[in-house]
Peer 1: 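Dropping a structure here in structure tokens format, bear with me for questions.
Letters A, B, ... mirror the listed sequences (proteins, then strands); counts begin at 1.
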Amino acid sequence: QQQVKQSPQSLIVQKGGISIINCAYENTAFDYFPWYQQFPGKGPALLIAIRPDVSEKKEGRFTISFNKSAKQFSLHIMDSQPGDSATYFCAASKSTGGGNKLTFGTGTQLKVEL
Amino acid sequence: DSGVTQTPKHLITATGQRVTLRCSPRSGDLSVYWYQQSLDQGLQFLIQYYNGEERAKGNILERFSAQQFPDLHSELNLSSLELGDSALYFCASSVGPATTQYFGPGTRLTVL
């Protein structure tokens, strides 16, 4: 059972455009929602993260929007650049219970074209 | 560079063999996690250690085992390898048992 659903699977955006990736989760015990960026041959790198007590978090060109009632969150990349071309993973975890395993979405391959 | 190191970078072995993957966490991090990334299963959590003790377990096969040593480095042991074990294996570390995880560069395992 996949607990974090991510869409779209792939995305092509023009340079300067807005990239939007969506995720939905099922487990209401999740209380930490990070986004990771992964380039080919590299490990996932933390991009931005949010906790459910806020509805939006912005860091530079990257914004997370969070809708607790809908159990959805999304990543917006403003002014997308060719260097943003990578695979993006949303994830979720619950910090109680002693463990902190990340449950990942299936990933979105983003390509930013000139 | 996340500060998490993993060795080896690549590993090619045959079915039925046993391998050991090594991870050194970021300086000061007490928690280590292991994840498997494959094309069909995506990124899957295997196991977490905090200061030498097992904290959480995912869908880790019985053929796989891990440990965290007193110097906080961790090893993932994979035995009786099968073709389906071919994947990228990532280690991540965090300061506490429930804080931000930073991933290493991974070990690419190929089982022939």
Side-chain angles (χ1 to χ4, degrees), chain A residues 1-10 21 23-27 29-54 57 59 62 64 86-109, chain B residues 1-7 9-10 21 23-26 29-60 66 68 87-108:
Chain A
Q1 180 188 12
Q2 186 183 344
Q3 295 191 52
V4 179
K5 294 183 179 179
Q6 183 171 347
S7 63
Q9 188 174 354
S10 62
I21 304 171
C23 284
Y25 63 97
E26 298 167 7
N27 189 344
F30 287 148
D31 59 4
Y32 177 67
F33 302 88
W35 284 89
Y36 283 83
Q37 179 190 56
Q38 186 178 27
F39 292 102
K42 304 290 185 182
L46 180 68
L47 201 56
I48 187 173
I50 197 168
R51 294 198 182 270
D53 51 346
V54 297
K57 183 174 181 181
E59 288 184 2
F62 302 94
I64 299 179
T87 301
Y88 292 81
F89 292 92
C90 62
S93 70
K94 52 179 180 174
S95 53
T96 55
N100 186 33
K101 67 172 189 175
L102 287 170
T103 299
F104 284 90
T106 49
T108 296
Q109 283 194 317
Chain B
D1 184 2
S2 67
V4 178
T5 59
Q6 290 187 247
T7 57
K9 193 168 184 178
H10 300 280
L21 312 183
C23 167
S24 293
R26 297 186 318 156
D29 285 1
L30 298 178
S31 200
V32 170
Y33 312 75
W34 286 97
Y35 291 85
Q36 180 193 58
Q37 185 174 37
S38 61
L39 284 174
D40 56 343
Q41 295 291 322
L43 265 164
Q44 298 281 322
F45 169 76
L46 295 178
I47 197 163
Q48 176 194 1
Y49 282 84
Y50 176 71
N51 205 20
E53 293 188 1
E54 184 183 304
R55 270 298 178 116
K57 213 167 184 176
N59 294 325
I60 186 168
Q68 185 179 28
L88 271 166
Y89 291 85
F90 288 105
C91 169
S93 73
S94 66
V95 172
T99 54
T100 300
Q101 296 178 35
Y102 296 91
F103 282 73
T107 293
R108 181 175 292 279

Peer 1: Distance from Q44(B) atom CD to T103(A) atom OG1, nearest 0.5 Å?
Peer 2: 8.5 Å
Peer 1: Tell me, yes or no, whether the heavy-atom count around N59(B) atom CG, taken from other residues, nucleotides or ligands under 6.0 Å, exceeds 12.
Peer 2: no
Peer 1: Can you list the residues that meet the side chain to side chain donor-acceptor pair (under 3.5 Å) rule with Q37(A), with sequence neighbours excluded?
Peer 2: Y88(A)
Peer 1: To the nearest 0.5 Å, tell me how far S94(B) OG sits from L102(A) CG.
Peer 2: 9.0 Å
Peer 1: Show, in sequence, the C-alpha distance, side-chain angles and deciding distance for Q101(B) and Y36(A), and conclude whether the side chain to side chain contact (heavy atoms under 4.5 Å, CB included) test is met.
Peer 2: CA-CA 10 Å; Q101(B) 296 178 35; Y36(A) 283 83; 3.8 Å; yes
Peer 1: According to salt bridge (charged side-chain N to carboxylate O under 4.0 Å, His left out), does anything in residues 29-38 of chain B pair up with another residue at least two apart or in another chain? List the pairs.
Peer 2: R26(B)-D29(B)
Peer 1: Which region of P34(A), side chain (C-beta onward) or backbone (N, CA, C, O), has a non-hydrogen atom less than 4.5 Å from a non-hydrogen atom of chain B, or is it both or neither?
Peer 2: neither
Peer 1: Counting only non-hydrogen atoms closer than 4.5 Å, does Q37(B) touch chain A with its backbone (N, CA, C, O), its side chain (CB onward), both, or neither?
Peer 2: side chain
Peer 1: Is it true that, when you exclude E54(B) itself, more than 12 heavy atoms of the residues, nucleotides or ligands shown sit nearer than 6.0 Å to its CD?
Peer 2: yes
Peer 1: Taking atom CG of L46(B) and atom NZ of K101(A), what is their separation to the nearest 0.5 Å?
Peer 2: 10.5 Å
Peer 1: Give me the atom names and distance for the closest heavy-atom approach of F90(B) to K42(A).
Peer 2: CZ-O, 3.7 Å
